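Letters A, B, ... are given to chains in the order of the sequence lines, protein chains preceding strands, and every chain is numbered from 1. Keep in mind that what you see is a predicted model, and the values were worked out from it rather than measured.
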Amino acid sequence: MKTTIEALLRQALAALPEDRVPPAARAIAIEVEHTRDPAHGDFASSLALRLAKAARQNPRALATALVEAIPAHPAIAKVEIAGAGFVNFFVHDGAYRAEIARILAAGSRYGRSAVGEGKRIQVEFVSANPTGPLHVGHGRHAAYGATLANLFEATGWRVDREYYVNDAGRQMDILAASTWLRYLEVCGERIVFPANGYRGDYIVTIAGALRASIGDALRRPAAAVFRDLPPDTIDGGDKDAYVDALIDRSRELLGAESFRQVLDFTLADILGDIKDDLGEFRVAFDRWFSERSLAEDGSIDRALAALERAGHAYRKDGALWLRSTAFGDEKDRVMVRDNGVKTYFASDIAYIFNKLERGYDHLLYVWGADHHGYIARLRAGLTALGGPPERFEVRLVQFVTLYRGGEKAQMSTRSGEFVTLRELRREVGNDAARFFYVMRSNDQHLDFDLELAKSRTNENPVYYIQYAHARVASLMRQLGERGLGHDEARGLANLDRLGEPQELALTKRLALYPEVLELAAVQRAPHTLVHYLRDLANDFHTNYSAHQVLVDDPALRDARIALARASQTVVRNGLELLGVGAPQTM
RNA sequence: GCGCCCGUAGCUCAGCUGGAUAGAGCACCUGGCUUCGAACCAGGUGGUCGGCGGUUCGAAUCCGUCCGGGCGCGCCA
């Protein structure tokens, strides 16, 4: 509808004589918008106002000329000039009612479009370090990324969802050493846990599983482990130096192979937990990409070599640097340290190089707000590799604060413990969790109220929307119980019986859905869909309360059932994209 | 100090890339179940859109500046 009117306006503008609008002024974006006030019709254009200056004309006179030039269209009831020079379009109610038939015909596909033109987009999200369970912040990333990906799919993109597994580097060594120390503890050794180790209870659990799996094969005397190590923090030393020494000692006592065995055992356990967690949260990935694989298959070396060949890398102080300042970064970045160890940044460059090679038209990263400083350097890396920077996009997700009632919830009770995504899901349920996570703009810090999310009252917007769906299901059950059939064709043939203002308001809202999906995808703003569904449910409940559906008159009844079922379809489709269930009963 | 995000009703937030009298939920007040589910509906109270300048026919929206809050500015990952 909107695009139709825009096309009509474009034709009208083209038809105006040059003394009215000079050619230079014609290159102007033609857009119509939905009106806020019904007195202004359904759509309004400010074209005449915006054209007035360049054309040196009175805006109202210009608007009059435009209106006269607008071709007749069956869906348009009338066109008016209002205010300073707005052109208001009134659409026939019938044009909206016709949408009901389209909704019922399209069913679960209703609202989908092809604006993405089948282009390939990769959405990389969550990518939390596999050093422990996901916490509530990761939950927001998961819900946001998954919903975005769904929106892209619904608007005609080919989407790949990917999780980058940071399974390389020192943090993995610390993880392995942590598990091994806990394992020794389980075996009966007396150990002192390092300040910089992973202290969570899940490590103890994994250590227990390791012992159950291999027995005492990796047991070594504690005295040998801790002999002649530098002081830890508690003894006035440096926690990093201490844990590094501890890692070296672990490798020495276990041998590289067994150390790797502990590492892999731990990693597999944690990653398995993360996969299960996300799976239960209805967040699916097409690929789990291993950072370690980039080092093992030579990808990092190839990327670094490519940068050196292109003259964008240089050596200084024994390190290899990327001249990222040449590509908009504020300072140059180290890719290989003076000790020969490649930085995380080097992996990231190799990874984005890999993504480019896979032929994506667009790369979308979802990162935490604390990573914003990283955007410029990665874009610089991409550009240095010859990649098109406009294909690179990062969306930041702000932090989550948990509340219980009005009180801020404890994020950590003791060291290494925090509120996990799993705990949150258990408490409030997957539906409420998915919904609350995307209810607010990703740019907005999120106050997540646990009490509100799990409350089964009118305060909770999740149930408000689901209730609309369940009500239609109930209606259809009633229909059966009363022995009243339902003739869809008769309903569609009598849509003009839907003349009540509440019915029209609901119908117009339904017709808006495809546009909402497009907007939400383009703006990377799932919360737009949430707000729409809330408004739709509101229109539904209002109409439901105002007008009986199951009336005696079969023609009217079937028409109203058609409207109710169309509403149910759109609610269900929208909730599906959000990863929220659409229940038949509540 | 520099960079990113935020500042809109008592609270939590929308505001469609500048449009016509600034919206919603919650809270508060008034009403509505002998009729398809009251997890609902109808109505009401409540705002100098952080301050000050600027651009524009028109600014919550764009620009500048100041104030306040969050997060970053490693040869860490």
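For Y164(A), the ring pair (Phe, Tyr, Trp, His ring centres under 6.0 Å) criterion is met by Y351(A), not counting sequence neighbours. The salt bridge (Lys or Arg N to Asp or Glu O under 4.0 Å) check on D232(A) picks up nothing, with sequence neighbours excluded. Y467(A) pairs by the ring pair (Phe, Tyr, Trp, His ring centres under 6.0 Å) definition with H541(A), not counting sequence neighbours. Under the side-chain contact (heavy atoms from CB on, under 4.5 Å) criterion, D370(A) pairs with F399(A), not counting sequence neighbours. Not counting sequence neighbours, the partners of Y163(A) by the ring pair (Phe, Tyr, Trp, His ring centres under 6.0 Å) test are F285(A), W288(A). With sequence neighbours excluded, the residues satisfying ring pair (Phe, Tyr, Trp, His ring centres under 6.0 Å) with F392(A) are Y365(A).
Residue pairs meeting the side-chain hydrogen bond (donor to acceptor under 3.5 Å, both in side chains) criterion with at least one partner in residues 316-326 of chain A, sequence neighbours excluded, are S324(A)-D329(A), T325(A)-D332(A). The list of ring-ring contact (aromatic ring centres under 6.0 Å, His included) pairs with a residue in residues 36-55 of chain A, not counting sequence neighbours, reads H34(A)-F43(A). Applying the side-chain hydrogen bond (donor to acceptor under 3.5 Å, both in side chains) definition to pairs two or more places apart or across chains, those involving residues 561-570 of chain A are E488(A)-R565(A).
Taking atom C1' in both U61(B) and A39(B), the straight-line distance is 37 Å, to the nearest Å. Distance check on atom P: G44(B) versus U55(B) gives 40 Å, rounded to whole Å. When the P atom is used for both U17(B) and C62(B), the distance is 11 Å, rounded to whole Å. Between the C1' atoms of G46(B) and G53(B), the separation comes to 30 Å (whole Å). Comparing A27(B) with A42(B), their P atoms are spaced 16 Å from each other, to the whole Å. The separation of G23(B) from C49(B), taken at their C1' atoms, amounts to 12 Å, rounded to a whole angstrom. With P as the reference atom, U12(B) and G70(B) are 15 Å apart, rounded to whole Å.
Residue side chain D535(A) does not reach the base of A14(B) through any donor-acceptor N/O pair under 3.5 Å, judged by distance alone.
Q548(A) comes within contact range of at least one nucleobase, with a heavy-atom separation under 4.0 Å. Within 4.0 Å of S46(A), counting heavy atoms only, lies at least one base atom of the nucleic acid. Counting any heavy atom pair closer than 4.0 Å across all strands shown, D338(A) reaches a base atom. No contact: D167(A) has no heavy atom under 4.0 Å from any strand. Looking at heavy-atom distances under 4.0 Å, Y544(A) makes contact with a base. Across all strands, N339(A) comes closer than 4.0 Å to no nucleic acid atom at all (heavy-atom distances). H469(A) comes within 4.0 angstrom of nothing in the nucleic acid, heavy atoms only. Within the 4.0 angstrom heavy-atom criterion, only backbone atoms of the sugar-phosphate kind lie near A168(A); the bases stay farther away.
Within 6.0 Å of NZ in K239(A) there are 12 or fewer heavy atoms belonging to other residues, nucleotides or ligands. Around atom CG of N339(A), more than 12 heavy atoms belonging to other residues, nucleotides or ligands sit under 6.0 Å away.
Comparing atom distances between the T542(A) side chain and each of G72(B), A39(B), C41(B) picks out C41(B) as nearest. The listed nucleotides are A77(B), C13(B), A20(B); the one nearest the side chain of H531(A) is C13(B). Closest to the side chain of Y464(A), out of C40(B), C75(B), A14(B), is C40(B). Closest to the side chain of Q523(A), from the set U17(B), A42(B), G19(B), is U17(B). Nearest to the side-chain atoms of R440(A) among the listed nucleotides C40(B), C13(B), A42(B) stands C13(B). Of the candidates A20(B), C40(B), C36(B), A20(B) carries the atom nearest the H40(A) side chain, counting heavy atoms from C-beta on. Of the listed nucleotides (C36(B), A20(B), C16(B)), C16(B) has the atom at the smallest distance from the side chain of L519(A). Closest contact between the side chain of R337(A) and the listed nucleotides G37(B), A77(B), C16(B) involves A77(B).
Taking the six-membered ring where tryptophan is involved, the planes of H527(A) and H531(A) are perpendicular, since the angle between them exceeds 60° and thus also 30°.
In this structure, R534(A) atom CZ and C13(B) atom C1' are separated by 13 Å, rounded to whole Å. Distance R140(A) CZ to G70(B) P: 17 Å, rounded to the nearest Å. Rounded to an integer number of Å, the gap from R404(A) CZ to U12(B) P is 19 Å. The interatomic distance linking F435(A) (CZ) with G25(B) (C1') rounds to 10 Å, in whole Å. Going from atom CD of E518(A) over to atom C1' of C16(B) covers 12 Å, rounded to whole Å. Taking atom OH on Y532(A) and atom C1' on A24(B), their separation rounds to 16 Å, with Å as the unit. Going from atom NE2 of H34(A) over to atom P of G19(B) covers 14 Å, rounded to whole Å. Remark: P of C36(B) and NE2 of H541(A) are 16 Å apart, rounded to the nearest angstrom.
Centre separation under 5.5 Å together with a plane angle under 30° does not hold for the ring of Y344(A) and the six-membered base ring of C76(B), so they are not marked as stacked.
Syn is the classification of U17(B), since its glycosidic angle stays within 90° of 0.
A donor-acceptor contact closer than 3.5 angstrom links the side chains of N538(A) and Y464(A).
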Do R404(A) and D449(A) pass the side chain to side chain contact (heavy atoms under 4.5 Å, CB included) test, and can you show the C-alpha distance, the side-chain angles, and the key distance before you say yes or no?
CA-CA 6 Å; R404(A) 194 173 287 286; D449(A) 193 326; 5.6 Å; no
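The residue among G169(A) and L475(A) whose nearest nucleotide of RNA chain B lies closer to the 5′ end is L475(A). Positionally, the nearest nucleotide of RNA chain B for L550(A) lies more toward the 5' end than for the other of L550(A) and E291(A).
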Walk along nucleotides 55-61 of chain B from 5' to 3' and tag each nucleotide B, S or - by protein heavy-atom contact under 4.0 Å, base first, then sugar-phosphate.
--B----
Protein proximity profile, nucleotides 27-34 of chain B - base contact B, sugar-phosphate-only contact S, no contact -, cut-off 4.0 Å on heavy atoms
S-------
Under 3.5 Å, N/O pairs linking protein and nucleotides 3-7 of chain B:
{"from": "G3(B)", "atom 1": "N2", "to": "H372(A)", "atom 2": "ND1", "distance (Å)": "3.2"}
{"from": "G3(B)", "atom 1": "N2", "to": "H372(A)", "atom 2": "NE2", "distance (Å)": "2.4"}
{"from": "G3(B)", "atom 1": "N3", "to": "H372(A)", "atom 2": "NE2", "distance (Å)": "3.0"}
{"from": "C5(B)", "atom 1": "O2'", "to": "Q398(A)", "atom 2": "NE2", "distance (Å)": "3.4"}
{"from": "C5(B)", "atom 1": "O2'", "to": "D443(A)", "atom 2": "O", "distance (Å)": "2.6"}

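You'll find the side chain of L175(A) stays beyond 4.5 Å of the side chain of L263(A), heavy atoms only.
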